[in-house]
Amino acid sequence: MTDTKTAEASAPEKAANFIRNIVTDDLKNGKHTGIVTRFPPEPNGYLHIGHAKSICLNFGLALDFGGRCHLRFDDTNPTKEDIEYEDSIKENVKWLGFDWGRHMYYASNYFEQFYNYAVLLIEKGLAYVDSLSADEMRALRGTLNEPGKESPYRSRSVEENLDLFSRMRAGEFEEGSNVLRLKIDMASPNINLRDPVIYRIRKVEHHRTGDAWCIYPMYDYAHCISDAIEGITHSVCTLEFEDHRPLYDWVLDQLPVPCHPQQIEFARLNLSYTVMSKRKLLELVQEKLVDGWDDPRMPTLVGLRRRGFTPQSIVNFCETIGVGKSDSFIDMSILEESVREDLNVRAPRAMSVLRPLKLVIEGYPEGESEEFEAANHPNDPEMGTRKVPFSKTVYIERDDFQEEPAKGFFRLAPGREVRLRYAYIIRCESVVKDENGEIVEVRCSYDAGSRGGSAPDGRKIKGTIHWVSADHAVDAEVRLYDRLFSTPNPGGKNEPDYRSSINPKSIEVLSGCKLEPSLAGATLENRYQFERLGYFCLDSKDSKPGAMVFNRTATLRDSWSEQKK
RNA sequence: UGGGGUGUCGCCAAGCGGUAAGGCAACGGACUCUGACUCCGUCAUCCAAGGUUCGAAUCCUUGCACCCCAGCCA
């Protein structure tokens, strides 16, 4: 086997996709000598896994082709945006491992240029101030099948428009009373071209420009100009903006901008068993259906992070799913597989018993204990070993014992032998039950010659189970997370409200779990594989030095439980 | 019934006229002190129907299905 131990080595090869092909061609035929992309979030919410796809695409393109990628806040709507989101977004991008260097921009920094360009458009007779109300404007817009009608204000003179627009800026009009519209074509089959509004009055403070402005530009007008100002070569966005591209191009064609970026659209990420819309995510938080934006079940980057996902696993995931234009629906299992793949290689192993069953080893000296050497990673000796204490009473997983073993079960059962990992081979001799018939203790004999776990006579022991010494165990709370929803497409077509699909078992809190003592030194940066159980990490919010709380990031694949179904 | 898109294995996705990559899943097997990992093997004729061509997933025609658009949101 070749060395695949490092995260770098396990990163998948860059796959071809249509955007990379476009960039490659543009570079080859000299259309560009270098490329500039951008990730342009609106600071009005937390980033989720879908944004990660865009971040990886844009920053990845820049990295691979020796260009640069800008981080630009598309902050043109002060009624929805806030500085708190900016900080989170910046941190998330950095956490994923990307660096915008000094290329940090704000659409709001271009407000004056946007305004000047708007004046230019008015002077060219390509924009006019409309005094229709929103309702009236909607009524004239037409429908998908019928053309719209021109506004009675469409023919105002350039002078009047100039005057009106400057007074809009000066704050002389109320919100909603006037807007600036482009004069394109009310009969266009593309509704985006039916004289789109490019400025509206909003008498609110902007988190960056304060009260300097009371008119704010709209996306279609601001975005393309921002791209042009920054010298973006490839403006990558999602499919729903495909219809807007003619408008993007129209605006840039009318203005003396430094360049004309190419807008390219790709399919946004859809993930099964979760929701991705900002609205639903916000509702989950506001209605306290989850424990905040960073609830470990949320598809947000802060949630995934708290859950224990590594940045590398997310980047790998984004590479794995590819980029295309067909509506895709990625199965959650692929995301889960991405963490396993990454954590399998980097997570040290440890033993923890989540649902303890007391096991007493008859014949093992009372009050005595010994230590066994355990590998921190079975396939990577470089990760070293640790000592695991053993004593007469240990805890094993309740699931690892069956009084009447099911077919195919090869763990502990009356009269059967099993190996306590790294310790001894034991045999179940009897079972102790309480007055309710509940098994409270298992009593076993042990093969003193099997110290360390290997049979002296070379006999094959099929089952190996994990355990923790009762005398040395560290108690902890462990939270088992599962998919937030129990249906693949919550709230989708022909589905009831997504809230009713929330998986009641998406979180299970276990207290009194028994961990091997080395885990007492766990830190937030560490992630562990609890052998035979899954990958776990400390909860960044609730874990305290004397009262540790672990989150289950992902289970291990389990062909036994699959076989049972 | 307008406009813009998409349709290649269960889920993604390469392919750009020369005889269907890869990943995940699934299935079979090997290995195993984690029923994990790893390893080996199996697994499509490309939405449909016509046409062009020596040759088509790739070109043309006609259908069909699905997605997006009527915010002074992005």
Side-chain angles (χ1 to χ4, degrees), chain A residues 1 4 12-13 15-18 21 40-42 44 74 76-77 79-81 130 132-134 137-138 141-148 175-181 188-194 196-202 215-216 218-220 222-223 237-246 265 267 272 278 319-331 333-334 336-338 340-341 344-345 349 351 374-375 377-379 408-411 419-423 425 450 452-455 461-466 529-534 555-563:
Chain A
M1 191 185 90
T4 54
E13 290 278 308
N17 65 53
F18 77 101
N21 292 344
E42 181 187 15
N44 71 342
D74 218 346
T76 57
N77 185 356
T79 62
K80 298 182 153 189
E81 298 149 8
D130 199 339
L132 250 26
S133 70
M137 207 180 284
R138 186 176 313 119
R141 187 146 34 224
T143 69
L144 296 179
N145 299 310
E146 309 152 30
E175 282 189 16
S177 62
N178 291 285
V179 293
L180 185 68
R181 299 178 75 176
S188 173
N190 181 344
I191 296 182
N192 295 119
L193 263 21
R194 317 239 262 232
V197 172
I198 60 169
Y199 266 97
R200 74 294 214 181
I201 299 169
R202 285 285 177 277
I215 56 172
Y216 294 94
M218 300 275 292
Y219 168 86
D220 285 313
H223 201 91
C237 64
T238 44
L239 250 31
E240 66 270 28
F241 291 104
E242 217 152 13
D243 286 343
H244 295 242
R245 192 173 58 224
E265 312 84 10
S272 65
K278 262 180 184 167
E319 185 57 37
T320 298
I321 60 175
V323 179
K325 294 194 68 160
S326 60
D327 293 306
S328 62
F329 201 72
I330 307 292
D331 200 278
S333 65
I334 297 194
E336 295 165 342
E337 189 53 32
S338 296
R340 290 196 191 100
E341 191 180 38
N344 173 48
V345 151
R349 316 281 123 131
M351 293 197 286
H377 193 119
N379 308 323
F409 182 81
F410 55 72
R411 279 111 87 164
R419 170 169 35 236
L420 290 181
R421 178 144 235 232
Y422 297 121
I425 293 168
S450 65
S454 27
I461 301 297
K462 179 80 167 148
T464 296
I465 64 175
H466 58 97
Q529 183 195 99
F530 288 178
E531 292 204 56
R532 304 209 306 128
L533 297 173
T555 60
L556 252 30
R557 294 184 71 184
D558 183 357
S559 54
W560 164 240
S561 66
E562 279 162 22
Q563 179 185 325

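If you're wondering where the values come from, they're calculated on a predicted model, not measured in any experiment. Just so we're on the same page: letters track the sequence lines, and every chain starts at 1.
The shortest side-chain heavy-atom distance between A/Ile198 and A/Asp220 does not fall under the 4.5 Å cut-off. Under the 4.5 Å side-chain criterion, counting only non-hydrogen atoms from C-beta, A/Pro246 is not in contact with A/Asn192. Looking only at side-chain heavy atoms (C-beta outward), A/Ile465 and A/Leu420 come within less than 4.5 Å of each other.
Nucleotides B/A56 and B/A20, compared at atom P, are 12 Å apart to the nearest Å. For B/A74 and B/C69, the C1' atoms lie 14 Å apart once the distance is rounded to whole Å. Taking the P atom of each, B/C46 and B/G41 are spaced 27 Å apart, rounded to whole Å. Nucleotides B/G17 and B/U53 have their C1' atoms positioned 9 Å apart, rounded to a whole Å. Between the P atoms of B/C60 and B/G18, the separation comes to 16 Å (whole Å). Rounded to whole Å, the P atom of B/A26 lies 10 Å from the corresponding atom of B/C37. Comparing B/A36 with B/C47, their P atoms sit 37 Å apart, to the nearest whole Å. Taking the C1' atom of each, B/C40 and B/C31 are spaced 11 Å apart, rounded to whole Å.
Taking only side-chain atoms of A/Pro378, from C-beta outward, the nucleotide of B/C37, B/U6, B/U34 with the closest atom is B/U34. The A/Glu240 side chain lies nearest to B/C68 when the options are B/A70, B/C68, B/A26. Of the candidates B/C37, B/U34, B/A13, the closest approach to any side-chain atom of A/Ser328 belongs to B/A13. Closest to the side chain of A/Arg557, out of B/U6, B/A26, B/C12, is B/A26. Residue A/Ala16 places its side chain closer to B/G15 than to any other of B/G71, B/C73, B/G15. Distance from the side chain of A/Pro189 is smallest for B/G3 among the nucleotides B/G3, B/U6, B/C37. Between B/A74, B/U6, B/C72, one nucleotide has an atom nearer to the side chain of A/Arg202 than all others, and that is B/C72. Listed nucleotides B/C12, B/C73, B/U34 differ in distance to A/Thr464; the shortest reach to its side chain belongs to B/U34.
Note on A/Arg181: nothing from the nucleic acid sits closer than 4.0 angstrom, heavy atoms only. Among the heavy atoms of the strands, none lies under 4.0 Å from A/Pro147. Using a 4.0 Å heavy-atom criterion, one finds that A/Ser454 contacts the bases of the nucleic acid, with or without backbone contacts as well. Heavy atoms of A/Leu132 sit under 4.0 angstrom from at least one base atom. Heavy atoms of A/Asn145 sit under 4.0 angstrom from at least one base atom. A/Asp243 comes within 4.0 angstrom of a nucleotide base, judged by non-hydrogen atoms across all strands. The residue A/Gln529 sits close to a base: some heavy atom pair falls under 4.0 Å. Note on A/Met218: only backbone sugar-phosphate atoms sit closer than 4.0 angstrom, heavy atoms only; bases stay farther off. Across all strands shown, A/Phe410 has heavy atoms under 4.0 Å from base atoms, whether or not it also approaches the sugar-phosphate. If you check every strand for non-hydrogen atoms under 4.0 Å, A/Val179 touches a base. Using a 4.0 Å heavy-atom criterion, one finds that A/Phe530 contacts no nucleic acid atom at all. The residue A/Phe329 sits close only to the backbone: its heavy atoms come under 4.0 Å of sugar-phosphate atoms, none of a base. Using a 4.0 Å heavy-atom distance criterion, A/Ser272 is classed as making no nucleic acid contact. Using a 4.0 Å heavy-atom distance criterion, A/Asn17 is classed as a sugar-phosphate-only contact.
If A/Leu144 and A/Gly322 are placed on RNA chain B by their nearest nucleotide, the residue sitting closer to the 5' end is A/Leu144. In terms of position along RNA chain B, the nucleotide closest to A/Gly463 lies nearer the 5' end than the nucleotide closest to the other residue of the pair A/Gly463 and A/Arg138.
Distance alone, capped at 3.5 Å, places no donor-acceptor pair between the A/Ser328 side chain and the A/Ile330 backbone. The backbone N or O of A/Asp243 lies less than 3.5 Å from a partner atom in the side chain of A/Asn190, making a donor-acceptor pair. Formation of a donor-acceptor pair under 3.5 Å by the A/Ser188 side chain with backbone atoms of A/Leu193 is not found in this model. Between the side chain of A/Arg340 and the main chain of A/Gly534, no donor-acceptor pair closer than 3.5 Å is present.
Taking 90° from 0 as the syn/anti boundary, the base of B/G71 is oriented syn.
The pair A/Lys80-A/Glu42 does not meet the salt-bridge criterion, since no charged nitrogen lies less than 4.0 angstrom from a carboxylate oxygen.
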Derivation of the side chain to side chain contact (heavy atoms under 4.5 Å, CB included) call for A/Lys325 and A/Glu242: CA-CA 11 Å; A/Lys325 294 194 68 160; A/Glu242 217 152 13; 2.4 Å; yes
Audit row: A/Met137, A/Val197, side chain to side chain contact (heavy atoms under 4.5 Å, CB included) steps and yes/no: CA-CA 10 Å; A/Met137 207 180 284; A/Val197 172; 3.7 Å; yes
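Distance A/Asp331 CG to B/A13 C1': 15 Å, rounded to the nearest Å. Separating the CD1 atom of A/Ile334 from the P atom of B/A13 is a distance of 10 Å, rounded to the nearest angstrom. Distance, A/Glu337 CD to B/C11 C1': 14 Å, rounded to whole Å. Atoms CZ (A/Arg194) and P (B/G2) sit 13 Å apart, rounded to a whole Å. In this structure, CE of A/Met137 is placed 7 Å from C1' of B/C72, rounded to the nearest angstrom. Atom CZ of A/Arg340 is separated from atom C1' of B/A25 by 12 Å (rounded to the nearest Å). Atom CZ in A/Arg411 sits roughly 12 Å away from atom C1' in B/A36 (whole-Å rounding). In this structure, the CZ atom of A/Arg421 is 13 Å from the P atom of B/A36, given to the nearest Å.
Between A/Ser326 and B/A13 there is a side-chain N or O to OP1 or OP2 distance below 4.0 Å. Taking only side-chain nitrogens and oxygens, A/Arg419 never comes nearer than 4.0 Å to OP1 or OP2 of B/U34.
Partners of A/Thr464 under the side-chain contact (heavy atoms from CB on, under 4.5 Å) rule, at least two apart in sequence or in another chain, are A/Arg419, A/Arg421. Residues satisfying the ring pair (Phe, Tyr, Trp, His ring centres under 6.0 Å) test with A/Tyr422, not counting sequence neighbours, are none.
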For RNA chain B, the dot-bracket pattern of Watson-Crick and G-U pairs whose distances stay under 3.5 Å, | for other-strand partners: .(((((((.[[[..)..(...]]].(((((.......)))))....[[[[[..)....]]]]])))))).....
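The stacking criteria are not both satisfied for A/Tyr219 over the base of B/A74, which would need a centre-to-centre distance under 5.5 angstrom and an angle between ring planes under 30 degrees.
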